[in-house]
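One structure is given below, encoded as structure tokens.
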Amino acid sequence: MEYFEILCGIAAVLFLLYYYCTYNYDFWKKQGVVGPKPIPFFGNTIEIMLAIKSVAEYSEELYQKYKNERMIGLYALNIPVLLLKDPELIKDVLIRDFSSFTDRGFNVNDKAEPLSKNLLNLEPRRWRPLRSKLSPIFTSGKLKEMFCLILDCAQHFDQYLDKVVAKGEPVDIRELTAKFTTDAIGTCAFGIDMNALSEEDSEFRKMGRDIFVPNFLNVFRQKSNIFFPKLYGIVGRFLPDKFTPFFTKMVTESMAYRKKNNIYRPDFINMLMDLKSHPMQVGDIELTDELLTAQAFVFFAAGFETSSTTMSNALYELAQNHDIQDKLRDEIREHDEANNGDLKYEHIKQMEYLDKVFKETLRKYPPGSLVPRRATADHTFEGTNVTIHKSMRVWVPIYAIHRDPDIYPNPEVFDPERFNEDAVQARHPMNYLPFSDGPRNCIGARFAVYQTKVGLITILRKYKVDVCEKTVIPYTLSAGAFVLAPKEAIYLKLTKLTK
């Protein structure tokens, strides 16, 4: 009898657990939203959770499977998630009804991950005042002031390229471009020489590499924080964290040195110093060293990784499309000849074909493959009977949209002419979102554009880029990477041009 009671107790617990994990699985069906059948306990996201598939591949498969739907109903474990396909509905979320979707939907764990409380992740209460105060550092005027610093880094990059190419060996192009962008971010944003180009063992380059490497610990942190935030809030405190002390030391020492020596630079660190000196600018938010460091951390991490990845992806495509590479190089050289080799801020805007190559690279390889939002209020989508409740998530599948053959014919083909003025005008603006859109778009988009373009100009004006025996074709995605990245290193051959 005792065994029977125990078995009944176990069965009751399992039934309650099963009910808790599945009771919500009719949410989308009741609203007439189609989607894949969820698996008990896991919902529809087990492949993402276990890093079996990348978010980009997963969302693209769903997007194509439900070709004629405006939206797709999913479940992350037992929580309803709405994947939007219709550009007008996407515009509602990102722009028109932004007040109902001010939260990005990332979880901030102040204790487990102190650096997670940055502009990318912060809830609306802290995000709004910080964004308004930090945005001025990214205006076109400020960028123009920084442009000479980017050029200084480009000169060092050019010298480094000579040494690398002289070896005559295939080049890990992602590592090469990451060294340039690390130094550019360090100089322009923090006034620090990060020595990524001059020192093979640069501490900042090591840190940058460790932030994004899809090893077990990084993938575990990322997935746990997304799918089990409360549990991660407890467990995460006991995981090793070398980033918080390193970046906190860098930021606090930089601010202290500048204050002591009365040094002013129009950069990110100065903006943080100003906030710390005038805390009333952000209301009742406590401006701790950790909070300020978190803003510097995300600018450093996002600033070097997304730009270097975009540079390497562009070069990967140019190495396979020599007609495009030659046309771009001709444009670069024409501007060099017209301006005696003196590259200025306004010249970047004048290079129309460079802009097309840049945009096509982000079309095919958007670093942020999916834009999430979390509802801050109940919301019914206009023209539908679909209502989502407060705290539910919405996903905008950028990678899938950019690869939709109905929007971009032959999406696997790298074709900069997709960004001719007529072609752009013919497309819905929500069908191209490499930097997202609306008030929570990428704050550093302008800087990323100029940094990436200067880096490409520096390489292509003097070097031919080719595939080699170590180049992996086709491009395969890393399932565990935080931003869109290849599974394998991108090796290319660089040859110095004779004229």
Side-chain angles (χ1 to χ4, degrees), residues 56 60 63-64 85 87 90 173 177 306-307 309-338 343 346-369 397-437 441-442 445-446 448-461 463-467 471 473-475 477 484 486 490 492 497:
E60 185 184 23
Y63 187 98
Q64 294 299 334
K85 294 179 60 183
I90 292 171
I173 212 72
T177 56
T306 56
S307 293
T309 298
T310 300
M311 281 178 65
S312 60
N313 288 335
L315 294 166
Y316 177 78
E317 289 293 341
L318 293 174
Q320 299 172 72
N321 297 276
H322 280 217
D323 54 335
I324 298 173
Q325 183 182 158
D326 292 342
K327 185 174 179 179
L328 176 54
R329 185 177 293 107
D330 288 344
E331 180 182 66
I332 293 169
R333 287 182 167 178
E334 284 173 13
H335 277 79
D336 277 349
E337 290 171 8
L343 185 62
E346 53 270 19
H347 297 160
I348 302 295
K349 283 189 175 182
Q350 295 168 7
M351 296 187 190
E352 295 180 1
Y353 197 66
L354 173 61
D355 191 56
K356 292 176 185 178
V357 169
F358 174 77
K359 287 178 177 175
E360 174 65 352
T361 302
L362 289 179
R363 193 277 307 172
K364 195 171 180 183
Y365 307 100
S369 57
I398 306 304
Y399 181 87
I401 293 169
H402 287 190
R403 300 271 181 140
D404 185 342
D406 291 338
I407 302 170
Y408 300 98
N410 300 314
E412 290 300 321
V413 174
F414 188 80
D415 181 12
E417 300 305 328
R418 298 182 199 275
F419 292 91
N420 285 332
E421 187 174 347
D422 290 345
V424 172
Q425 292 298 321
R427 287 192 296 267
H428 195 291
M430 295 296 105
N431 284 333
Y432 183 69
L433 294 167
F435 296 108
S436 186
D437 207 336
N441 67 344
C442 175
R446 282 194 186 96
V449 170
Y450 278 81
Q451 176 180 233
T452 303
K453 289 181 177 181
V454 169
L456 289 174
I457 289 168
T458 304
I459 294 173
L460 294 170
R461 62 164 36 130
Y463 301 96
K464 181 182 177 183
V465 187
D466 284 302
V467 296
T471 307
I473 300 174
Y475 190 108
L477 296 176
L484 191 85
I490 297 177
L492 299 174
L497 297 164

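No hydrogens, no waters, no symmetry mates; every other heavy atom, side chains included, goes into these values.
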Is there a donor-acceptor pair under 3.5 Å between the side chain of K85 and the backbone N or O of Y63? yes
Please check: side-chain N/O of R363 versus main-chain N/O of P411, any donor-acceptor pairing under 3.5 Å? yes
Without swapping roles, check the side chain of R427 against the backbone of R418 for a donor-acceptor pair under 3.5 Å. yes
With rounding to the nearest 0.5 angstrom, report the CG to SG distance, L433 to C442. 12.5 Å
Side-chain donor or acceptor of Q320 paired with backbone N/O of Y316 under 3.5 Å: yes
Contact check, side chains of L362 and P367, non-hydrogen atoms, under 4.5 Å: yes
Do L497 and R333 come close enough that some side-chain heavy atom pair is under 4.5 Å? yes
Would you compute the distance between atom CG of D415 and atom CG of N410 and round it to the nearest 0.5 angstrom? 9.0 Å
When you check the gap from the basic side-chain N to the acidic O, do R329 and D326 get nearer than 4.0 Å? yes
Output, in order, the C-alpha distance, side-chain angles, deciding distance and verdict of side chain to side chain contact (heavy atoms under 4.5 Å, CB included) for N313 and I490. CA-CA 8 Å; N313 288 335; I490 297 177; 3.8 Å; yes
List the atom of N321, the atom of F414, and the distance in Å for their closest heavy-atom pair. ND2-CB, 4.1 Å
For a quick test of reading the model, state the closest non-hydrogen atom pair linking K327 to E417 and the distance between them. NZ-OE2, 3.4 Å
S312 side-chain N/O to T309 backbone N/O, donor-acceptor pair under 3.5 Å: yes
For the student: nearest non-hydrogen atoms of L484 and P366, plus distance: CB-O, 3.3 Å
Quick one: side chains of residues 349-358, donor-acceptor pairs under 3.5 Å with protein atoms, not counting sequence neighbours, listed by atom name and distance.
from: D355; atom 1: OD1; to: K453; atom 2: NZ; distance (Å): 2.7
from: D355; atom 1: OD2; to: K359; atom 2: NZ; distance (Å): 3.0
from: K356; atom 1: NZ; to: N420; atom 2: OD1; distance (Å): 2.6

Rounded to the nearest 0.5 Å, how far does CD1 of I173 lie from CG of L492? 5.0 Å
Is it the case that over 12 heavy atoms from other parts of the model lie below 6.0 angstrom from the CG atom of D323? yes
Quick check: are there more than 12 heavy atoms from other residues, nucleotides or ligands sitting under 6.0 Å from CD of E421? no
Any side-chain heavy atom of I348 sitting closer than 4.5 Å to one from I457? yes
Within this structure, what is the OH-CG distance for the pair Y432 and D437, rounded to the nearest 0.5 Å? 12.0 Å
So how far is it from D404 CG to D406 CG, rounded to the nearest 0.5 Å? 5.0 Å
From the list E360, H402, E317, side-chain hydrogen bond (donor to acceptor under 3.5 Å, both in side chains) partner of Y365 resolves to E317
Considering the options V465, L315, D466, D330, which one meets the side chain to side chain contact (heavy atoms under 4.5 Å, CB included) requirement together with Q325? V465
Counting C-beta onward and ignoring hydrogens, is there a side-chain heavy-atom pair between P434 and I398 closer than 4.5 Å? no
Can you confirm whether T177 sits close enough to T310 that some side-chain heavy atom of one is under 4.5 Å from a side-chain heavy atom of the other? no
Rounded to the nearest 0.5 Å, what's the gap from CG on L318 to NE2 on H322? Could you check? 9.0 Å
